Structures are given as structure tokens and as C-alpha cells.
Colleague: 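First, the structure itself, so that you have it in front of you.
Computed over heavy atoms, backbone and side chain alike; hydrogens, waters and symmetry mates excluded. What you are looking at is a predicted structure, and each value in this text was computed from that prediction instead of being measured.
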Amino acid sequence: MALAECRGSVPPMASRYHFLTEMELTSPPDSVESALSDYTRWPTWWRWARQVESLDGANPGSLGARHRYRVTTPFRYGFTYVTEVIEASPSHILVESSGDLEGSGLFQFHRTEEQGTALSFTWLVQTPKWWMNLVSPIARPAFVWNHDHLMTNFAKGLARVTGGDLIAVTNTAVPPSDPGFFSLTMTS
């Protein structure tokens with residue numbers, strides 16, 4: 001099922017990014033879903049998350065729950081953004097983001113034949129920071145490398161916190177020329 005293109009208008013000169021991270025863990029899906037839904041604990045297992053705070057006191061994984069993230073990167077720049085849970089089920093979590101990263105994120109997970117978890121994370125974001133948009137034409141490969149490094153660390157931390165092992169992780173930056181660029185697709 002195809003989901004709508006990322007919501008929100010594109011700020012003048014905004015740079016858009018479409019990232020896909022796929023990982024396989026030996027952890028069962030319910031452990032993975034539980035860890036993903038407990039956003040405020042992410043800094044305990046994801047090195048680059050400096051702070052995650054609940055903005056409304058709602059159950060962390062419930063619809064409408066909003067969280068503010070402060071994330072740093074290997075290149076020493078950081079982001080502050082807010083996500084809101086738009087959809088949540090035993091097989092996916094959909095969030096919308098505002099702030100330094102505007103767009104949508106979709107976690108999708110299912111049980112593997114070995115009783116572990118296959119997890120994909122699609123992140124469609126645009127950057128309203130003027131300096132990022134100014135240097136984007138030449139710095140895009142560095143921003144992509146940075147994202148890949150953050151998400152590989154995310155996968156390792158997620159495996160550790162769920163008591164499993166990380167079997168594989170791949171990061172893909174979908175190019176703007178791709179026909180599916182900047183649209184979310186729900187897998188069955």
C-alpha cells in the first residue's frame with residue numbers, strides 16, 4: 001500500500017533526503033516494537049541521541065504522542081526536532097517530524113523465519129537550516145555518510161537493548177531522480 005507523499009510544504013531552497021535503513025536482528029518483534037516505542041529511553045542505547053523528552057505526557061507509543069529529540073552527529077553538528085506518532089500497530093510506527101528535520105519516518109517490522117526481526121526505517125526529511133541547504137549541492141555525500149553512520153549505530157544499540165544480535169544492516173540514500181523519491185510505501 002502506498003502512503004501519501006511526505007506532508008508539508010517545502011521551504012525555499014530546502015534540500016530533500018530519502019533514506020532507507022534495513023536491519024535484521026535476532027531479537028523478537030515484540031521486543032523491538034517495545035524498544036522503539038519507548039522513545040525517552042533511546043539515549044540509553046543510541047549513542048547519538050543526546051536527549052529525548054515527552055512533550056505531552058502521553059504513553060510514549062500512543063497515537064498523538066509527541067517527543068523532542070536532540071541528536072548530534074559525527075561531524076559535530078546537531079538537530080533538534082519533534083516527532084508525533086501518526087499511526088502505530090504491531091507491524092509499523094509512522095511519525096511526522098518538524099523542527100530542524102521536517103518530514104515523515106516509517107518503521108516497519110516483521111518476524112523472520114528464525115524468530116528474529118526484519119526492520120526497515122524510511123526517513124523522508126527536508127532541511128530548513130539555511131546553511132545545510134546552501135552547502136547541500138556539494139555536501140550531500142557527507143550528509144548521507146553521516147546519516148548512515150548514525151543509523152548503523154542505532155541498529156547496533158537496538159540489538160543490544162533488545163537482547164539480540166545484529167545480523168545485518170544496510171543504508172540506502174534514494175536519489176532524487178528515482179521515481180519513488182520522497183514517498184512512503186507500506187509493505188505487507
Colleague: Just wondering, are more than 12 heavy atoms of other shown residues or ligands nearer than 6.0 Å to NZ in Lys129?
Modeller: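 Counting neighbours around NZ of Lys129, more than 12 heavy atoms of other residues, nucleotides or ligands fall under 6.0 Å, so yes.
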Colleague: Side-chain donor-acceptor pair under 3.5 Å between Thr162 and Ser31, yes or no?
Modeller: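 There is no such pair (donor and acceptor under 3.5 Å, judged by atom type) between the side chains of Thr162 and Ser31.
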Colleague: Mind running salt bridge (charged side-chain N to carboxylate O under 4.0 Å, His left out) on Glu53 and Arg68 for me, showing each step along the way?
Modeller: CA-CA 5 Å; Glu53 58 187 308; Arg68 179 180 296 117; 3.3 Å; yes
Colleague: Has Thr112 got a side-chain atom pairing as donor or acceptor with Gly116's backbone, closer than 3.5 angstrom?
Modeller: yes
Colleague: Could you tell me which non-hydrogen atom of Ser62 sits nearest to which non-hydrogen atom of Val85, and how far apart they are?
Modeller: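 Minimum heavy-atom separation between Ser62 and Val85: O-CB, 3.4 Å.
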Colleague: Quick one: pull up CG in Leu119 and CG in Leu25 and give me the separation to the nearest 0.5 Å.
Modeller: 6.5 Å
Colleague: Does a donor on one side chain sit under 3.5 Å from an acceptor on the other, for Thr152 and His149?
Modeller: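 No, no side-chain donor-acceptor pair sits under 3.5 Å.
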Colleague: Which heavy-atom pair separates Glu96 from Ser104 by the least distance, and what is that distance?
Modeller: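 What the structure gives for the nearest pair is CG-OG, 4.1 Å.
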Colleague: Mark yes or no for whether Asp165, through its side chain, and Ile167, through its backbone, hold a donor-acceptor pair below 3.5 Å.
Modeller: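 Judged by distance alone, no pair lies under 3.5 Å.
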Colleague: Look at the side chain of Asp56 and the backbone N and O of Arg66, then say whether any donor-acceptor pair between them is shorter than 3.5 Å.
Modeller: yes
Colleague: Are Tyr69 and Val82 close enough, and set up right, to give a side chain to side chain contact (heavy atoms under 4.5 Å, CB included), and what steps lead you there?
Modeller: CA-CA 6 Å; Tyr69 297 78; Val82 173; over 6 Å; no
Colleague: To the closest 0.5 Å, what do you measure between NE2 (His18) and OG (Ser183)?
Modeller: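 Going from NE2 on His18 over to OG on Ser183, the span is 6.5 Å.
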Colleague: Donor-acceptor pair, Ser97 side chain versus Leu101 backbone, under 3.5 Å?
Modeller: yes
Colleague: Roughly how far, to the nearest 0.5 Å, is the CG atom of Leu158 from the CG atom of Leu36?
Modeller: 5.5 Å
Colleague: Do Leu106 and Ile93 touch side chain to side chain, with heavy atoms closer than 4.5 Å?
Modeller: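 No, side chains not in contact.
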Colleague: Measure across Ala173 and Val144 and return the closest heavy-atom pair with its distance rounded to 0.1 Å.
Modeller: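 Residues Ala173 and Val144, closest heavy atoms: CB-CG1, 3.7 Å.
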Colleague: Is any side-chain heavy atom of Met151 closer than 4.5 Å to a side-chain heavy atom of Lys156?
Modeller: no
Colleague: Would a distance-only check, ignoring hydrogens and angles, find a side-chain to backbone donor-acceptor pair under 3.5 Å from Arg16 to Pro176?
Modeller: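 A pair under 3.5 Å: no.
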Colleague: Could you tell me the separation between the CD atom of Glu24 and the OG1 atom of Thr117, rounded to the nearest 0.5 Å?
Modeller: 9.0 Å
Colleague: At their closest point, which heavy atom of Thr26 faces which heavy atom of Gly164, and how far apart are they?
Modeller: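 Nearest pair, atom of Thr26 first, then Gly164: OG1-CA, 3.3 Å.
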Colleague: Quick check: closest heavy atoms across Tyr17 and Thr127, and the distance to 0.1 Å?
Modeller: CE1-CG2, 4.0 Å
Colleague: Ignoring hydrogens, what is the shortest heavy-atom contact between Asn133 and Pro137? Give both atom names and the distance.
Modeller: O-CD, 3.8 Å
Colleague: Please say which of Trp48, Trp123, Trp46, Phe121 ends up in a ring-ring contact (aromatic ring centres under 6.0 Å, His included) with Phe154.
Modeller: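 Exactly one option meets the ring-ring contact (aromatic ring centres under 6.0 Å, His included) with Phe154, and it is Trp46.
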Colleague: Between Val95 and Ile86, does a side chain to side chain contact (heavy atoms under 4.5 Å, CB included) hold up when you go through it step by step?
Modeller: CA-CA 5 Å; Val95 299; Ile86 303 302; 5.7 Å; no
Colleague: Hey, is CZ on Arg41 packed in by over 12 heavy atoms from elsewhere, all under 6.0 Å?
Modeller: no
Colleague: If I take atom OG1 from residue Thr185 and atom CD from residue Gln108, how far apart are they, to the nearest 0.5 angstrom?
Modeller: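 Here the rounded value is 8.5 Å.
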Colleague: With the 4.5 Å side-chain cut-off for hydrophobic clustering, are Leu20 and Phe181 part of the same group?
Modeller: no
Colleague: So, the side chain of Arg50 versus the backbone of Arg47: is there a donor-acceptor pair under 3.5 Å, distance only?
Modeller: yes
Colleague: Applying the side chain to side chain contact (heavy atoms under 4.5 Å, CB included) criterion to Asp148, which one of Asn153, Val169, Thr170, Asn171 satisfies it?
Modeller: Asn171
Colleague: For a 4.5 angstrom cut-off between non-hydrogen side-chain atoms, does Pro128 reach Glu102?
Modeller: yes
Colleague: So, the side chain of Trp42 versus the backbone of Ala35: is there a donor-acceptor pair under 3.5 Å, distance only?
Modeller: yes
Colleague: Please round to the nearest 0.5 Å and tell me the distance separating atom CG of Asn146 and atom OG1 of Thr73.
Modeller: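 Asn146 CG to Thr73 OG1: 4.0 Å, rounded to 0.5 Å.
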Colleague: Should the ring pair Tyr39 and His67 be called parallel, tilted or perpendicular, given that the plane angle runs from 0 to 90° and is split at 30 and 60?
Modeller: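 Correct class here is tilted.
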Colleague: Is atom CZ of Arg111 surrounded by more than 12 heavy atoms (other residues, nucleotides or ligands) closer than 6.0 Å?
Modeller: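 For Arg111, atom CZ is crowded (more than 12 foreign heavy atoms under 6.0 Å).
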Colleague: Taking a hydrophobic cluster as the set of Ile, Leu, Val, Met, Phe, Trp and Tyr residues connected by side-chain heavy atoms closer than 4.5 Å, whether directly or through intermediates, do Tyr77 and Ile138 fall within one such cluster?
Modeller: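 Hydrophobic grouping puts Tyr77 apart from Ile138.
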